[in-house]
Amino acid sequence: MAWQALTPPGEDFSKWYNEVVYRADLADQSPVRGSIIVKPYGYELWENIKAGLDRRFKATGHQNAYFPLFIPESFLKREAEHVEGFSPELAVVTIGGGKVLEEPYIVRPTSETIIMDAFHNWIQSYRDLPLLLNQWANVVRWEMRTRPFLRTLEFLWQEGHTAHATFEEAEAETLQMLDVYADFAVNDGAIPVIKGRKSDQERFAGALHTYTIEAMMGDKRALQSGTSHNLGQNFAKAFDIQYLDRNNERQYCWTTSWGLSWRILGGVVMTHGDDKGLRLPPKLAPYQVVIVPIFKNDDEQGVVIETATRISRELASSGIRVHLDKREDLSPGFKYNYWELRGVPVRVEVGPKDIEKGSVVAARRDIPGRDGKQFLSQENLAAQLSALLDEIQTNMLRQATEFRDANLHDVKNYDELKQVVQQGGFARGWWAGSPDDEAHIKGETSATHRCFPFDQPDGTGACLFTGKPADKIAIFAKAY
RNA sequence: CGGGGUGUGGCGCAGCCUGGUAGCGCGCAGCGAUCGGGACGCUGAGGUCCACGGUUCGAGUCCGUGCACCCCGACCA
């Protein structure tokens with residue numbers, strides 16, 4: 001009994017999160033402050049996230065490209081708001097090859113500027129539009145305080161950058177990509193998200209509009225899980241991206257950018273995890289099924305391993321990501337806990353009794369204890385498990401949605417907002433406040449304006465803070 | 001950048017107050033036993049005690065300086 005139980009999430013969510021990330025082999029601490037090593041299991045999870053997104057990007061007409069890690073310092077300065085927003089957190093290279101550089105290079109915190117510089121060269125005609133690119137890359141932001149995956153000095157993400165002929169097209173693109181993010185989060189990540197628009201206070205440095213998907217974590221705090229920006233003509237003007245329209249007139253482009261990082265991986269952990277560790281949605285899980293063989297002696301071991309291997313091959317050939325845990329000297333109970341910590345959606349147990357009966361035991365991670373266990377026939381097992389995985393995916397989304405809805409409260413006034421924030425959860429109410437009002441609320445409650453949800457009620461109401469007439473509702477919550 | 005904490009085998013820690021050149025648990029290796037919810041036994045490998053300077057016959061321990069990392073806040077994907 002020397003193993004150490006996880007800190008229960010209800011006791012100290014932050015501590016629980018750190019323990020899960022490290023103990024479930026997602027990541028390791030690195031010698032570099034605020035930077036993590038992503039271990040194979042965590043990286044495979046990220047690869048599945050990438051695959052789900054990349055497929056959607058391609059389906060909406062985008063192509064991948066790759067731009068340099070280093071950006072000339074002067075590029076950042078071309079868009080005033082942009083440089084102001086990012087300069088506090090830049091890493092700057094001043095020496096290369098032992099020589100002081102004439103112009104320092106910025107290690108990209110985001111790539112708008114260097115990509116817009118290329119767009120300047122690439123776009124001449126309306127026939128060149130729209131230009132729809134995406135880049136998978138690492139970026140660096142020198143953050144004060146870091147947390148694995150949620151905020152690291154260096155992180156992996158994708159950043160889409162597009163240029164369009166009109167505001168309407170750029171706006172449509174911005175909203176389309178937000179839909180893509182939401183579709184991915186909901187259907188692959190089983191994370192219910194609220195789509196909305198950021199307040200001016202919270203929008204991206206240099207953007208006209210920033211749209212966001214906001215998710216509720218297991219501690220009822222909000223996680224901004226992906227953002228999509230309509231950059232208007234701000235960057236097009238700063239980088240002189242002009243095209244000749246059908247009437248042979250020069251026009252500035254309208255550009256967008258949209259990004260989603262490995263933070264979403266932290267979101268998966270914090271949305272679904274429980275006191276036994278990770279719970280991974282089947283669509284993202286590196287292993288969807290793990291097979292634990294059970295035997296008492298060499299005779300049993302022979303036949304059990306043989307059967308388990310056969311089943312494993314059958315499942316793999318049906319496209320199920322399966323792993324057979326053949327490790328010896330480890331008891332089944334140990335393996336159950338081991339794989340539960342790592343969030344594998346389904347555990348299949350194969351023992352002598354199962355072989356007698358032609359069955360297996362299937363235990364689902366989303367339903368704890370005996371309730372989640374059932375016997376399945378070895379006949380047609382792949383189809384049965386595929387159906388079970390679908391059911392788990394659906395159930396996890398349902399559980400997360402119920403939790404989110406149960407902690408999303410409508411508030412009429414500031415007192416109610418404070419109460420909601422204090423007990424944990426999202427506070428939703430009419431809002432007509434100023435940036436100063438937002439700052440005031442943040443100062444007093446540490447809750448921030450998360451978004452104006454797209455889903456708006458009819459009519460108008462009194463602002464929860466100022467009492468002034470408001471035509472929009474907003475959501476406030478403590479956020480990561 | 002403000003506040004707090006910690007640096008001792010791979011990990012978690014004790015030892016420091018009351019100086020006498022290292023110990024526990026886990027993990028790891030070998031053998032055996034066990035295996036339907038984290039069982040076990042025996043044997044073994046593994047440490048310039050964060051760095052530098054000082055006090056001392058002698059420093060993990062006392063003093064000074066520095067560095068690093070973690071946690072809590074303000075800033076952010």
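Every chain is numbered from 1 and lettered A, B, ... according to where its sequence line falls, protein lines coming before strand lines. Atom set for the values below is all heavy atoms of this structure, side chains included, hydrogens, waters and symmetry mates excluded.
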Q: Once pairs are restricted to Watson-Crick or G-U wobble with both distances under 3.5 Å, how does RNA chain B read as a dot-bracket string, [ ] for crossings and | for other-strand pairs?
A: ((((((((.[[[[.)....(..]]]].(((((.......))))).....[[[[[..)....]]]]])))))))....
Q: Restricting to salt bridge (charged side-chain N to carboxylate O under 4.0 Å, His left out), what partner residues turn up for D354(A), sequence neighbours left out?
A: none
Q: Would you list the protein and nucleotides 6-8 of chain B atom pairs, both N or O, that sit under 3.5 Å from each other?
A:
none

Q: Hey, does the side-chain of E340(A) have a donor or acceptor N/O within less than 3.5 Å of a partner on the base of G37(B)?
A: yes
Q: Give a yes-or-no answer on whether the side chains of R147(A) and S14(A) include a donor-acceptor pair shorter than 3.5 Å.
A: yes
Q: Rounded to whole angstroms, how far apart are CZ on F334(A) and C1' on G27(B)?
A: 10 Å
Q: Under 3.5 Å between N/O atoms: give me all the protein pairs with nucleotides 73-77 of chain B, atom names plus distance.
A:
| from | atom 1 | to | atom 2 | distance (Å) |
| --- | --- | --- | --- | --- |
| G73(B) | OP2 | R145(A) | NH1 | 3.4 |
| C75(B) | OP1 | K442(A) | NZ | 3.2 |
| C75(B) | OP2 | K442(A) | NZ | 2.9 |
| C76(B) | O2' | E143(A) | OE2 | 3.1 |
| C76(B) | O2 | R151(A) | NE | 2.6 |
| C76(B) | N3 | R151(A) | NE | 3.0 |
| C76(B) | N3 | R151(A) | NH2 | 2.6 |
| C76(B) | N4 | R151(A) | NH2 | 3.4 |
| A77(B) | O3' | Q224(A) | NE2 | 2.6 |
| A77(B) | O3' | R263(A) | NH1 | 3.0 |
| A77(B) | O2' | R263(A) | NE | 3.2 |
| A77(B) | O2' | R263(A) | NH1 | 3.0 |
| A77(B) | N6 | T152(A) | N | 3.4 |
| A77(B) | N6 | T152(A) | O | 2.7 |
| A77(B) | N1 | T152(A) | N | 3.4 |
| A77(B) | N3 | S261(A) | OG | 3.3 |

Q: Is E47(A) atom CD crowded by more than 12 heavy atoms from other residues, nucleotides or ligands, each under 6.0 Å away?
A: yes
Q: Which residue, D329(A) or V350(A), contacts RNA chain B at a nucleotide closer to its 5' end, judged by nearest heavy atom?
A: D329(A)
Q: For Y181(A), which residues count as a ring-ring contact (aromatic ring centres under 6.0 Å, His included) partner, sequence neighbours excluded?
A: none
Q: What orientation do W431(A) and F465(A) show, parallel under 30°, tilted 30 to 60°, or perpendicular over 60°?
A: tilted
Q: Any ring-ring contact (aromatic ring centres under 6.0 Å, His included) involving residues 281-307 of chain A? Give me the pairs, sequence neighbours left out, ordered by first then second residue.
A: Y287(A)-H323(A), Y287(A)-W339(A)
Q: Test of understanding: with salt bridge (charged side-chain N to carboxylate O under 4.0 Å, His left out), list the residues that count as partners of D179(A), not counting sequence neighbours.
A: K195(A)
Q: Heavy atoms under 4.0 Å, any strand shown: does N297(A) hit a base, just sugar-phosphate, or nothing?
A: nothing
Q: Between P on C70(B) and OH on Y17(A), what's the gap in Å once rounded to a whole number?
A: 14 Å
Q: Does OH belonging to Y105(A) count more than 12 external heavy atoms closer than 6.0 Å?
A: no
Q: Taking atom types as modelled, is there a side-chain donor on T256(A) or E173(A) under 3.5 Å from an acceptor on the other?
A: no
Q: Under 3.5 Å, is there a donor on one side chain and an acceptor on the other for E214(A) and T212(A)?
A: yes
Q: State which residues pass salt bridge (charged side-chain N to carboxylate O under 4.0 Å, His left out) with E314(A); sequence neighbours excluded, sorted by chain then number.
A: R310(A)
Q: Rounded to whole angstrom units, what separation is found between the OH atom of Y336(A) and the P atom of G38(B)?
A: 10 Å
Q: Under the side chain to side chain donor-acceptor pair (under 3.5 Å) rule, collect the residues that match up with R428(A), sequence neighbours excluded.
A: D410(A)
Q: Over 60° means perpendicular and under 30° means parallel, so tell me whether F235(A) and F239(A) are parallel, tilted or perpendicular.
A: parallel
Q: I need the residues from residues 367-375 of chain A with at least one non-hydrogen atom less than 4.0 Å from RNA chain B; give them sorted by number, or say none.
A: K373(A)
Q: Counting only heavy atoms and a strict 4.0 angstrom limit, can you tell me which residues of residues 47-54 of chain A come near RNA chain B?
A: none
Q: My understanding is that only residues two or more places apart in sequence, or in another chain, count here; which of them pass side chain to side chain contact (heavy atoms under 4.5 Å, CB included) with N297(A)?
A: D299(A), E300(A)
Q: Hey, are S111(A) and Q135(A) close enough side-chain-wise for a donor-acceptor pair under 3.5 Å?
A: yes
